[in-house]
Colleague: 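Let me give you the structure first, and then I'll get to my questions.
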Amino acid sequence: GDSVTQMEGPVTLSEEAFLTINCTYTATGYPSLFWYVQYPGEGLQLLLKATKADDKGSNKGFEATYRKETTSFHLEKGSVQVSDSAVYFCALAPSRQLTFGSGTQLTVLP
Amino acid sequence: DAGVTQSPTHLIKTRGQQVTLRCSPKSGHDTVSWYQQALGQGPQFIFQYYEEEERQRGNFPDRFSGHQFPNYSSELNVNALLLGDSALYLCASSRTSGGPGGNIQYFGAGTRLSVL
């Protein structure tokens with residue numbers, strides 16, 4: 001079945017460091033791919049998405065490229081801020097439901 | 001423009017009881033999905049409602065049931081609660097257009113259910 005594997009956390013970085021959170025997927029067909037972010041005590045917010053191979057999603061300095069050949073959708077940010085501390089979820093949608101990875105806890109220290 | 005709203009925020013129940021959670025979708029959305037998020041894990045899909053019918057279901061027992069009303073709001077019911085049902089229950093709404101996989105789901109803040 002469809003699945004998402006995320007880089008295990010937690011990840012701790014200093015402010016202005018470069019961030020990469022790895023995400024690979026297994027799916028039939030051509031699913032849409034998403035990154036969601038969850039701040040403490042809140043629901044999930046859509047961070048970015050890509051709907052076909054080679055698409056690059058971007059938002060708030062975060063980027064991820066849909067790589068069909070490596071079945072990956074790694075999240076990157078060039079310079080993280082303390083306010084980026086949250087849990088990040090990679091997800092795919094081959095149909096109407098979302099399938100999530102287990103999440104990666106990011107802590108950014110000042 | 002109100003986003004997805006869920007009630008109640010927190011709930012404490014005992015084993016064997018029944019619970020009802022409520023969700024109002026974002027304005028303009030006609031589809032509601034429910035997810036269960038256990039502590040430290042990613043959300044797991046329970047089911048999705050569209051046009052007042054269950055359109056798709058995840059791997060959850062029949063103790064989990066739902067309903068969608070004509071105004072697109074939705075309820076999640078869980079019968080015969082187990083300790084393992086303790087989780088954050090998330091509602092997400094979307095607009096059924098753009099084909100499968102193309103719909104963006106917007107999430108509410110969730111209902112934290114504790115089963116004692």
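Computed from a predicted model, the values in this text were never measured in an experiment. Sequence lines set the chain letters: A, B, ... in the order given, protein chains first and strands last, and positions in each chain run from 1.
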Colleague: Measure the spacing between OH of Tyr106(B) and CG of Leu46(A) and express it to the nearest 0.5 Å.
Modeller: 6.5 Å
Colleague: Would you mind checking which part of Gln105(B) comes under 4.5 Å of any heavy atom in chain A, side chain (CB onward), backbone (N, CA, C, O), both or neither?
Modeller: both
Colleague: Under a 3.5 Å distance rule, please check whether Gln97(A) uses its side chain to pair with a backbone N or O of Gly58(B) as donor and acceptor.
Modeller: no
Colleague: Which region of Gln38(A), side chain (C-beta onward) or backbone (N, CA, C, O), has a non-hydrogen atom less than 4.5 Å from a non-hydrogen atom of chain B, or is it both or neither?
Modeller: side chain
Colleague: Might you confirm whether atom CZ of Arg15(B) has over 12 heavy atoms from other residues, nucleotides or ligands at distances under 6.0 Å?
Modeller: no
Colleague: Using non-hydrogen atoms and a 4.5 Å limit, figure out which bit of Glu42(A) sits close to chain B: side chain, backbone, both or neither.
Modeller: backbone
Colleague: Would you say Phe45(B) has more than 12 foreign heavy atoms packed within less than 6.0 Å of its CZ?
Modeller: yes
Colleague: Given heavy-atom pairs under 4.5 angstrom as the criterion, report whether the side chain, backbone, both or neither of Tyr30(A) touches chain B.
Modeller: neither
Colleague: Tell me whether the count of non-hydrogen atoms from other residues, nucleotides or ligands lying under 6.0 Å of CD in Glu53(B) goes above 12.
Modeller: no
Colleague: Over all heavy atoms of both residues, which pair between Leu44(A) and Pro43(B) is shortest? Give the atoms and the distance, please.
Modeller: CD2-CG, 4.0 Å
Colleague: What is the minimum heavy-atom distance between Phe89(A) and Gln37(B), and which atoms define it?
Modeller: CZ-NE2, 3.3 Å
Colleague: Measure Tyr35(B) against the heavy atoms of chain A and call it side chain, backbone, both or neither at under 4.5 Å.
Modeller: side chain
Colleague: Inspect the surroundings of CG in Asn59(B) and state if more than 12 heavy atoms from other residues, nucleotides or ligands are less than 6.0 Å away.
Modeller: no
Colleague: For atom CD of Glu16(A), is the number of surrounding heavy atoms from other residues, nucleotides or ligands below 6.0 Å larger than 12?
Modeller: no
Colleague: Any chain of hydrophobic side-chain contacts (each under 4.5 Å) joining Val115(B) to Phe60(B)?
Modeller: yes
Colleague: Please classify the contact between Arg55(B) and chain A as side chain, backbone, both or neither, with a heavy-atom cut-off of under 4.5 Å.
Modeller: side chain
Colleague: Please say whether more than 12 non-hydrogen atoms of neighbouring residues, nucleotides or ligands are located less than 6.0 Å from CG in Leu116(B).
Modeller: yes
